[in-house]
Structure formats: structure tokens, C-alpha cells
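Okay, so here's the structure we're looking at.
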Amino acid sequence: MTLHLHNTYTRQKDPFEPIDAANARMYVCGPTVYDDIHIGNARPLVVFDVLARLLRHEYGNDHVTYVRNITDVDDKIIERAAENGEEIDALTLRTTENFHAAAAAVGCMAPDVEPRATDHIAQMIVLIEDLIGKEHAYEAEGHVLFHVPSMPDYGKLSGRNRDEMIAGARVDVAPYKRDPSDFVLWKPSSDEQPGWDSPWGRGRPGWHLECSAMSAEHLGRSFDIHGGGVDLVFPHHENEIAQSRCAHPDESFARYWVHNGYLMSEGEKMAKSVGNFYTVTDLLDEFPGEALRLALLKSQYRQPLDFSKDGVREARQELNRFYRALGLRQDALDGEEGPKDISYVIPADVVSALEDDLNTPLAIAGLHVAADAVFAAETPEEILRATGALKAAGRLLGLLQMEPEIWFQGDGDAAIDALIAERIAARSAKDFARADEIRDELTAQGIVLEDGAGGTTWRREG
RNA sequence: GGCCCGGUGGCAGAGUGGUUAUGCAGAGGACUGCAAAUCCUUGUACGUCGGUUCGAUUCCGGCCCGGGCCUCCA
């Protein structure tokens, strides 16, 4: 099967055909850097990281451009900096660094380009001028507004018409708007607020503008995939489409709109008052990042996901099984007559699962099949082939790239090694009482022992 | 109120018009000094009520439940 993606714009699964197979291009809405990311923010990160990996698999590593922006100008940032008594630059820098650390911890590769909104103010101003010139935007009281009725097919992405939106509007309409549905492209800044000089006075951009400007700058006015969470479909992506299509009427802008489903936590909407609000950093104190990643990938990306710590624990159990299988590789390599070459052939069922709109749960089932093959393998050749397949499949999902020993034991522990040596001695002397005593002692520390044919190994659990 | 999404076995979670998902947990067995791991076996699944059909968890409609969005605005 070839890659198919569910396209919000067409509301169906479409075969993916890039504009230029030599350069498949994807833009994903990144974070607004006013606070550390929570596990709900991590879902699109991980989902689109898998999509980027899959695209690189399909088109070649150098034939994909993945852009994920940093929004570092936003009223939430201004408010938070004021609350913290912190400079805006300090807040955005710190938050960006934390974001990078969290993304890496959950196994996400860096995007090819990570543009910052504040580095693209000039492009945004040009875009606004273009929209004003084409009579899709107008200036009013220091603001520039996009005039929604100037775009006949506005609302196609989110499937709503203008009358419905006005009927359902909960917010009072600003008096300077020509039409209630018009939205802000540029707004004035007070002296204390961050601002840039513009033809309309000192001000700052509206929320939706940066993505139109930055995607055009780094991917061109037409590109392939635009991604983000479902909560961005309206108004953010709808308005991006309005800005970009009206400014560049001969261009398609994004052709495939891909949106991940919403995340709940412990059965409820995530909220600090409920106690189910987990930042990625907090979770990393308790769990390996890879377990978080697998927990997120165990649901298909469009499905609502109920995140839970129990779910992460289960994901860690699954990873134990995979790493146990991968651990057999070293034994095979250590064999004197064993082959030294490892082939990394991704099982076809894993690829086809991902090609079917990123069916990660089915792909993970394929990982279990691959692990079964490892355990069933008898010769060193078979083990190397099977572990190579498992590891290659894992890499496509951004999993299983650690050395098994590191996964289970971290940096190791001389005291544990000493106790194990003592226990081996006790066992060969048939002093099972002492051997069990040592094992109980280690169990109390969260260390699980395994007496295998190749000796005794251990792992941390807990 | 409008628009949209989802309800699968103890739990998580795929999929399908008639045939085994998969994993985690549980039970029994093999193996083990005992364990752990691994292997084998095992358990009532498809919200509800109708309809279409030879046959629906899978298609259609109603209902119930859960969730999301409904613009920048002080």
C-alpha cells in the first residue's frame, strides 16, 4: 500500500502525492513558549515525528523538509512574563530550552527548520500589505483586520459557514470590525508591550499570521502537509488558509491537513485543579521518555487518547519485552562462529500499517510479532535477522534505539554486580538459602534477577 | 443552540458484512533448586433500540453516554 493520510480538508483518507517527490514538505504548528509543555502538547510532537520518519523512509532522508515553528510573540507570553516579573526574552528562551529537552526525551528528532515568529515580522508585514492591496484586509483604529466576507469559500476546512459562526459567537464584537467574523492580522502595542514598527504604527502580529508567513518563507507558498492538533482547525488553520490563499490566489497553500485527536488525562479533561495536569518534565521524573512515547503511540493519532500513568506503566512493560528480545543480539554476536553482519529490514506489515494513516497501534502489534520471531529464533543468523527487523521497525517509530543494557540497568551498579557474584557462588555451592536471601534483598531495591543459560542478568523495575 | 468525533472482552486498543487483532493484567501447564524470562493453553467483546441483509460489532436511522470546537476579547 502507498501512504494514505486522513485529510481534514477533504474529510477522507487520501492517497499522499507530494508536489515534488524530491522534496516532500511538512509544516507543523509548534508551541507558544509561555510555559513548559504538558503531555497533551507532546502528542502532536510525537505523532508528527513519526510522520516525518515515515516520509523520510518513503522519499529518502534528504528529500523531506520538516518545519516546526516556535511562537514567541503572543499575549499569553506577555501576561505570563508580567505575572512572573520576568523579561519576555528570558521567559521565551527558558521555555524554548525546556521544550527542546522534552521533545528529545520523548524521542523526537529535531525538525529541519525551526523558525521563530519574531524573526519573521518583516515577512508578516509584507503579507499584510499584500492582503490590504488585494482588498482582503483593512486598517481600523491601529488594527489591521482580515475581512472574512471577501473570501467566498471561507470556512471549508472546519466545515462551517459564516452565519453559523456569527450566530454562535460568544464574544462581543469589537466596534471597529466591518464584519463580526473579521479577525486581527495586526494590533497596536502599548509602550510596555512588545512591538515592531509597521505602516500601521508600532504593533504586533495577530495569532494566525506567523504560520502563513513562516510556512511560505521556508516551504514555499504551496507545500504538502500542514499538521497540528484538532483544536487548531478552527480558527487557527481556517484563518491561515484565508490569509495564505487570499494573498497568493494561484497557490494551493497546504494540500493535506492532518490533525491529531484530543488528549484527556486519567479519564478527565486535563486541569490543574483536578490534579491530572502532567507536564512532560514531571512525568520524566517518574518514567523513561520512551515509555511516554509508546504510551502516546498506542492509540491511532486521530482517536481521542485518555492518557494515564497506568498506561505508561503498561507501555514500559511492553518495552521491557522488546528490549529483552533485542538483548539476545549481543549473545549472538558474541558467538565465535556467529555472523557479524546485521541486516536492518523493516517488516512489511509495520510499514503498511503506518502507511495506512499512521496506524501506530497496528504497527506496534507488528513489533510484537517481530519480537516473537526473535524469541523463536534458534541460530545466530536467525537472531541477528530477527533483532535487526525489530530494531529497524522500532526506528521508524522512534523506539528501541537504546542498548538493552542501558534500558534495563542504566549506568550499572558495582554493588549489585558484587551481590550477584556472591549469589552465583552460593548457588554453585547449593546454598540456596543464601542465594534467595540475596535475591530478596535486591528485589526490595526494585532489582529483578534472571538466571539464564548465559548467566545471571538483572534489571530495574518500579 | 450549531457543527464534529468517539462508545469493542478486567484494562489499553486495532480491525472487519459471515473466519485469531495485539498488548497488559489473571488462571492452568512446560521449563527453573525456587524464581524471573520464554513457550503452550485459557476466559462472556463489540453502548441502546429499530431497520437493511441469508447473516451486522462492521451499513442506515433514532436514543443514551463521553469528549471537542463555536474568532483577539477585558
Side-chain angles (χ1 to χ4, degrees), chain A residues 8 11 74-76 79 143 145-146 148 154-155 158-174 176-177 179-187 204-209 229-239 242 259 261-264 267-269 294-295 297-300 302-308 310-322 324-325 327-328 349 353 356 359-369 371-372 374-376 426-428 430-433 435-436 439-440 442-443 447-453 456-459 461:
Chain A
T8 307
R11 290 163 190 282
D74 183 275
D75 287 1
K76 282 199 288 265
E79 287 163 19
H143 296 71
L145 291 122
F146 184 93
V148 168
Y154 180 87
S158 54
R160 53 189 84 200
N161 66 51
R162 206 175 63 79
D163 294 339
E164 286 171 0
M165 286 183 289
I166 293 167
R170 303 184 290 200
V171 182
D172 292 337
V173 176
Y176 47 78
K177 285 186 177 182
D179 185 274
S181 61
D182 292 351
F183 61 90
V184 171
L185 298 173
W186 189 265
K187 58 185 160 188
R204 60 192 192 282
W207 170 31
H208 316 294
L209 194 61
V230 271
D231 49 324
L232 296 179
V233 172
F234 188 88
H236 185 54
H237 288 162
E238 196 71 75
N239 290 350
H259 293 102
Y262 208 73
L263 179 141
M264 298 207 301
E268 290 186 77
K269 185 172 178 175
L294 180 57
L297 291 176
K298 284 179 66 169
S299 302
Q300 204 267 356
R302 285 196 290 125
Q303 299 302 322
L305 167 59
D306 185 9
F307 181 86
S308 70
D310 280 344
V312 183
R313 291 184 190 102
E314 187 178 316
R316 185 170 53 191
Q317 291 296 99
E318 287 188 56
L319 288 168
N320 281 344
R321 177 176 151 82
F322 293 140
R324 216 140 35 213
L328 297 178
D349 58 343
D356 184 11
N359 191 337
T360 51
L362 195 57
I364 290 162
L367 249 45
H368 282 287
V369 171
D372 288 343
V374 175
F375 291 124
R427 287 183 72 213
S428 36
K430 304 278 189 213
D431 182 0
F432 294 119
D436 289 349
R439 187 169 60 200
D440 291 346
L442 289 170
T443 302
I447 307 295
V448 178
L449 297 187
E450 279 181 41
D451 299 323
T456 297
T457 59
W458 61 275
R459 67 173 187 272
E461 238 175 45

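Below, chain A is the first sequence line, B the second, and so on; all start at residue 1.
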| request: Using Watson-Crick or G-U wobble geometry with both distances below 3.5 Å, tell me the partner of B/rC59, or none. | output: B/rG51
| query | Taking N and O atoms by type only, does the side chain of A/Q303 place a donor or acceptor under 3.5 Å from a partner on the base of B/rG6? | reply | no
| Side chain of A/E79, base of B/rA74: donor and acceptor closer than 3.5 Å? | yes
| Atom-to-atom span, OH of A/Y154 to C1' of B/rC3 - whole angstrom | 14 Å
| message | Distance check needed: B/rU32 P versus A/K430 NZ, whole Å only. | response | 12 Å
| task | Could you tell me whether A/E238 contacts a base, only the sugar-phosphate backbone, or nothing, with contacts defined as non-hydrogen atoms closer than 4.0 Å? | result | nothing
| Is there aromatic stacking of A/F432 against B/rG33, centre distance under 5.5 Å, plane angle under 30°? | yes
| message | Pairing check on B/rU38: which nucleotide meets the Watson-Crick or G-U wobble criteria with it, both distances under 3.5 Å? | response | B/rA30
| remark: Any strand, both distances under 3.5 Å, Watson-Crick or G-U wobble: B/rC69 pairs with B/rG2
| query | Hey, does the side-chain of A/R427 have a donor or acceptor N/O within less than 3.5 Å of a partner on the base of B/rG33? | reply | yes
| Base B/rA35 to side chain A/R439, donor-acceptor N/O within 3.5 Å cut-off | yes
| request: Write down the distance between CG (A/D372) and P (B/rU22), rounded to a whole number of angstrom. | output: 10 Å
| said: Does B/rG13 have OP1 or OP2 under 4.0 Å away from a side-chain N or O of A/Q300? | reply: no
| query | Does A/A433 or A/L305 map to a spot on RNA chain B nearer the 5' end, using the closest nucleotide for each? | reply | A/L305
| Just how far, in rounded Å, is C1' of B/rG23 from CZ of A/F375? | 14 Å
| Interatomic distance at C1', B/rU8 relative to B/rC46, whole Å | 4 Å
| said: Just the rounded figure in Å: distance from P of B/rA12 to CZ of A/R321. | reply: 21 Å
| request: Could you check A/R302 against A/W207 and say which one's nearest nucleotide on RNA chain B is further toward the 5' end? | output: A/R302
| Atom CG of A/N359 to atom P of B/rU22: distance rounded to whole Å? | 15 Å
